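Working notes for the structure below.
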Amino acid sequence: MDLDEDFLLAERLVGLADSLALTYFGAPNPVRDKTDGSPVSEADLAVEHAMLDLLRRERPGDAVLSEETGGRGSSGRRWIIDPIDGTVPFLAGGRGWGTHVALEVDGELEIGAVSRPTENTVYWARRGRGAYVRAHGRERRLRIGGGDGPGPGLGLGDARVSGFLFPESPVRPHVEALPGWTEWQVSAIGDLVEGRVDAVADEGGKVWDRAPAVLLVLEAGGRVDDLNGGRRLDAPWLLYSAPSLGAELTDFVRQRL
């Protein structure tokens with residue numbers, strides 16, 4: 001299968017999802033709780049259904065992993081989708097939500113995209129071809145540490161750090177006590193790849209949350225670590241950072257678990 005065609009399909013999936021989600025945004029939206037206590041709305045299910053229908057038509061032999069319906073099929077090619085990442089801010093009328101799409105081929109992430117529809121913004125990456133942001137009709141390449149971020153001689157005490165941490169996490173008070181702790185508003189990963197923060201700590205994220213984010217950060221020249229020297233999408237922790245901070249951030253979190 002041609003990855004150029006796959007990339008075009010990923011763009012169609014994101015566009016379809018964003019357009020449909022926006023028709024529900026700000027409107028009454030029936031909600032129920034899932035078994036893990038997190039909410040799922042009518043919009044989540046409608047957007048997922050539309051995305052899965054497109055994948056069935058265009059890639060009937062590919063496997064799919066989706067947040068609301070789980071896994072489908074067995075193949076060396078797997079699409080990983082989150083129809084509305086950030087259901088809580090979506091339902092509250094906030095800005096921190098969007099669509100996540102990734103394509104994994106034989107265990108390698110090849111394509112990743114993260115959107116923020118209220119900002120008219122899409123972040124995308126292809127393995128070996130870099131990471132980009134497209135906003136308001138303009139596109140530019142992303143490079144972590146290429147702007148105002150920490151240089152090679154600066155450490156965690158100088159860094160701007162954001163993240164997703166459980167309220168009861170033993171690490172949370174230590175991370176939030178760092179001088180550069182920063183609350184994210186729209187997209188923590190977007191903040192990292194655009195140079196607004198220097199590191200993101202992700203505790204307990206799901207595969208569909210993380211898959212496109214990992215590729216975006218790596219292709220933007222950043223570092224990803226699961227605390228064990230790998231980048232497992234299902235690990236308890238993933239740390240995304242500028243290269244100069246990776247080892248120090250990993251040690252910092254490990255020592256506080």
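Keep in mind the model is a prediction, meaning the values are calculated, not measured.
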Over all atoms of both residues, closest heavy-atom pair of [X] and [Y]:
{"X": "Leu245", "Y": "Gly155", "result": "CD2-C, 3.5 Å"}
{"X": "Leu215", "Y": "Gly112", "result": "CD2-N, 3.5 Å"}
{"X": "Trp124", "Y": "Glu139", "result": "NE1-OE1, 3.2 Å"}
{"X": "Ala220", "Y": "Ala131", "result": "N-CB, 3.9 Å"}
{"X": "Pro89", "Y": "Gly96", "result": "CG-O, 3.3 Å"}
{"X": "Ala50", "Y": "Leu16", "result": "O-CD2, 3.5 Å"}

So, taking the atom named [atom1] in [X] and the one named [atom2] in [Y], what distance separates them when rounded to the nearest 0.5 Å?
{"X": "Glu176", "Y": "Thr182", "atom1": "CD", "atom2": "OG1", "value": "11.0 Å"}
{"X": "Asp191", "Y": "Tyr240", "atom1": "CG", "atom2": "OH", "value": "14.0 Å"}
{"X": "Arg223", "Y": "Ser241", "atom1": "CZ", "atom2": "OG", "value": "6.0 Å"}
{"X": "Leu156", "Y": "Arg160", "atom1": "CG", "atom2": "CZ", "value": "13.0 Å"}
{"X": "Leu142", "Y": "Tyr123", "atom1": "CG", "atom2": "OH", "value": "7.5 Å"}
{"X": "Arg196", "Y": "Gln185", "atom1": "CZ", "atom2": "CD", "value": "11.0 Å"}

Counting neighbours of [atom1] on [X] that are heavy atoms of other residues, nucleotides or ligands and sit closer than 6.0 Å, is the number greater than 12?
{"X": "His174", "atom1": "NE2", "value": "yes"}
{"X": "Arg232", "atom1": "CZ", "value": "no"}
{"X": "Arg138", "atom1": "CZ", "value": "no"}
{"X": "Arg129", "atom1": "CZ", "value": "no"}

Would you call [X]-[Y] a salt bridge at under 4.0 Å N-O?
{"X": "Arg172", "Y": "Glu203", "answer": "no"}
{"X": "Asp62", "Y": "Arg56", "answer": "no"}
{"X": "Arg126", "Y": "Asp4", "answer": "yes"}
{"X": "Glu11", "Y": "Arg134", "answer": "yes"}
{"X": "Arg231", "Y": "Asp225", "answer": "no"}
{"X": "Arg95", "Y": "Glu119", "answer": "yes"}
{"X": "Glu219", "Y": "Arg143", "answer": "no"}
{"X": "Asp6", "Y": "Arg77", "answer": "yes"}
{"X": "Asp36", "Y": "Lys34", "answer": "no"}

Partners of Ser41 by side chain to side chain donor-acceptor pair (under 3.5 Å), sequence neighbours excluded?
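Asp44.
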Is [Y] close to [X] at the side-chain level, that is, under 4.5 Å between some pair of heavy atoms?
{"X": "Val161", "Y": "Asp198", "result": "no"}
{"X": "Val207", "Y": "Ile80", "result": "yes"}
{"X": "Thr69", "Y": "Leu52", "result": "yes"}
{"X": "Glu5", "Y": "Arg59", "result": "yes"}
{"X": "Leu227", "Y": "Leu239", "result": "yes"}
{"X": "Ile189", "Y": "Trp184", "result": "no"}
{"X": "Met51", "Y": "Val101", "result": "yes"}
{"X": "Val88", "Y": "Pro39", "result": "yes"}

Whether [X] side chain and [Y] backbone form a donor-acceptor pair below 3.5 Å:
{"X": "Arg210", "Y": "Leu233", "result": "yes"}
{"X": "Ser162", "Y": "Glu183", "result": "no"}
{"X": "Asp209", "Y": "Lys206", "result": "yes"}
{"X": "Glu67", "Y": "Asp82", "result": "no"}
{"X": "Thr23", "Y": "Leu20", "result": "yes"}
{"X": "Thr99", "Y": "Pro83", "result": "yes"}
{"X": "His100", "Y": "Ile81", "result": "no"}
{"X": "Ser169", "Y": "Leu165", "result": "no"}
{"X": "Ser115", "Y": "Ala113", "result": "no"}
{"X": "Glu110", "Y": "Glu104", "result": "no"}

State plainly whether one hydrophobic cluster holds both [X] and [Y], where clusters connect Ile, Leu, Val, Met, Phe, Trp and Tyr through side-chain heavy atoms under 4.5 angstrom apart.
{"X": "Val217", "Y": "Trp208", "value": "yes"}
{"X": "Leu55", "Y": "Ile84", "value": "yes"}
{"X": "Val193", "Y": "Val186", "value": "no"}
{"X": "Leu65", "Y": "Ile111", "value": "no"}
{"X": "Val14", "Y": "Tyr132", "value": "yes"}

As a quick check of understanding, evaluate side-chain contact (heavy atoms from CB on, under 4.5 Å) for Val175 and Trp181, giving each step before the final call.
CA-CA 7 Å; Val175 174; Trp181 170 255; 3.5 Å; yes
Could Arg256 and Phe252 be counted as a cation-pi pair, given that NZ or CZ must be under 6.0 Å from the ring centre and within 45° of the axis?
yes
Check step by step if side-chain contact (heavy atoms from CB on, under 4.5 Å) holds for Leu238 and Val214.
CA-CA 9 Å; Leu238 271 188; Val214 166; 3.8 Å; yes
Just do the side-chain contact (heavy atoms from CB on, under 4.5 Å) check on Leu54 and Leu9 with the steps written out, would you?
CA-CA 9 Å; Leu54 179 56; Leu9 178 56; 4.0 Å; yes
What do you reckon, are the aromatic ring centroids of Phe90 and Phe25 less than 6.0 Å apart?
yes
Decide yes or no on side-chain contact (heavy atoms from CB on, under 4.5 Å) for Trp237 and Val253, but give the supporting numbers first.
CA-CA 9 Å; Trp237 285 85; Val253 172; 4.1 Å; yes
Please go through Val40's hydrophobic cluster and name the other residues, only I, L, V, M, F, W, Y counting, with side-chain heavy atoms under 4.5 Å joining them.
Leu45
